[in-house]
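Here it is: the structure, laid out below.
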Amino acid sequence: MTKEKIHSLTLAGILLAVLVVCSQITIPLPLVPLTLQTFAIGLIASLLPVSYAVEVVFAYLVLGAIGLPVFAGFSGGFAVFVGPTGGYLVSFVLYALVTSLYLKYRGHSFIDLVVANVIGVLLNLLVGSLWMIPVLHLSIKAALAIGFVPFLIPGVIKLLVVVLLAGRLQNTFSNAPQN
Ligand SMILES: O=C(O)CCCC[C@@H]1SC[C@@H]2NC(=O)N[C@@H]21
């Protein structure tokens, strides 16, 4: 196994644990909690190669789907996917895929990290909100008011921390002595 593979696998394991922990750091709101999940997803998408990023998020969803309490508020089970927050969960994969693909082809400069994560966050909020339309019988306007608008400012704050941290961590890893 190459050093890069070992490095990516180790980082993938650590980031999966970070995602599970961040899922429990929540502020409960009426229908959808404010959580640090998207902070962890942003780190995963910004630091891991595309296939690892997608696999880590997929593994997280599988752990939750089989009933482990890894989703927000220690919830789990397949039923969460057909509830109001199911769209956000599914679109975590999209966030990881689109953002890491963007970074793969455009590079990891500060501005690339910002743009890639903005796209990921917007996709996540859009899919998450639209998912609520059939689940809660909402109009598009109501779904966006509940699922998109309240999370925009927190989303920008989390995104900025992701970008600063990802930039730092990339430098740390690339400056690490190679034995
Ligand atoms: O049930 C779950 O585990 C998913 C919760 C989803 C919360 C969404 S993710 C995007 C938006 N930003 C937040 O902080 N909360 C919502």
Side-chain angles (χ1 to χ4, degrees), residues 12 14-48 53-102 113-166:
I14 293 169
L15 289 172
L16 177 56
V18 169
L19 175 56
V20 170
V21 172
C22 282
S23 302
Q24 308 315 330
I25 303 174
T26 67
I27 298 178
L29 295 175
L31 278 171
V32 182
L34 186 70
T35 83
L36 285 190
Q37 278 159 310
T38 47
F39 165 75
I41 300 287
L43 280 183
I44 289 167
S46 303
L47 290 171
L48 289 174
V54 171
E55 279 162 24
V56 165
V57 179
F58 192 71
Y60 168 74
L61 297 183
V62 169
L63 291 178
I66 62 172
L68 294 183
V70 294
F71 296 151
F74 294 101
S75 59
F78 194 76
V80 182
F81 288 96
V82 287
T85 61
Y88 296 110
L89 289 171
V90 170
S91 66
F92 287 159
V93 179
L94 266 184
Y95 184 162
L97 175 67
V98 172
T99 300
S100 59
L101 264 179
Y102 182 99
L113 281 165
V114 171
V115 173
N117 278 282
V118 166
I119 296 171
V121 167
L122 290 179
L123 263 176
N124 174 236
L125 290 179
L126 205 59
V127 175
S129 307
L130 296 181
W131 193 275
M132 282 192 252
I133 295 174
V135 174
L136 298 172
H137 308 290
L138 298 176
S139 65
I140 292 190
K141 205 174 158 194
L144 292 177
I146 293 170
F148 191 95
V149 177
F151 300 107
L152 269 181
I153 292 177
V156 170
I157 296 169
K158 286 181 269 183
L159 183 154
L160 287 177
V161 181
V162 164
V163 169
L164 294 174
L165 210 57

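Remember, it's 1-based here, ligands and their atoms both numbered in the order they're listed. Below, each value reflects all heavy atoms present in this structure, side chains not excepted, and no hydrogens, waters or symmetry copies.
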Which donor-acceptor pairs under 3.5 Å do side chains of residues 139-153 form with protein atoms, sequence neighbours excluded?
unit_1 : atom_1 : unit_2 : atom_2 : d
Ser139 : OG     : Ala142 : N      : 3.0

Donor-acceptor pairs are to be reported for all side-chain atoms of residues 56-85 against protein atoms at under 3.5 Å, with residues two or more places apart or in another chain.
unit_1 : atom_1 : unit_2 : atom_2 : d
Tyr60  : OH     : Ser23  : OG     : 2.8
Tyr60  : OH     : Gln37  : NE2    : 3.0
Tyr60  : OH     : Val70  : O      : 2.9
Ser75  : OG     : Ala72  : O      : 2.8

Subject >> Side chain proximity check, Glu55 to Leu48, heavy atoms < 4.5 angstrom >> reply: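 A side-chain contact under 4.5 Å is absent here.
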
Check whether any side-chain heavy atom of Leu130 lies under 4.5 Å from a side-chain heavy atom of Ile133, and answer yes or no.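 Leu130 reaches Ile133 side chain to side chain.
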
Is there side-chain contact between Leu43 and Leu15, with heavy atoms separated by less than 4.5 Å?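 When only atoms from C-beta onward are counted, Leu15 and Leu43 do touch, with a gap below 4.5 Å.
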
Please tabulate, for the side chains in residues 116-125, all donor-acceptor contacts under 3.5 angstrom to protein atoms that are two or more places apart in sequence or on a different chain.
unit_1 : atom_1 : unit_2 : atom_2 : d
Asn117 : OD1    : Tyr95  : OH     : 2.8
Asn117 : ND2    : Ser46  : OG     : 3.1
Asn117 : ND2    : Leu113 : O      : 2.9
Asn124 : ND2    : Tyr88  : O      : 3.2
Asn124 : ND2    : Ser91  : OG     : 2.8

Extract all N/O-N/O pairs under 3.5 Å that connect ligand 1 to the protein, and present each with both atom names and the distance rounded to 0.1 Å.
unit_1   : atom_1 : unit_2 : atom_2 : d
ligand 1 : 1 (O)  : Thr85  : OG1    : 2.9
ligand 1 : 3 (O)  : Gln37  : NE2    : 2.9
ligand 1 : 3 (O)  : Ala72  : N      : 2.8
ligand 1 : 14 (O) : Thr35  : N      : 2.8
ligand 1 : 14 (O) : Thr35  : O      : 3.2
ligand 1 : 14 (O) : Lys158 : NZ     : 2.8
ligand 1 : 15 (N) : Pro33  : O      : 2.7

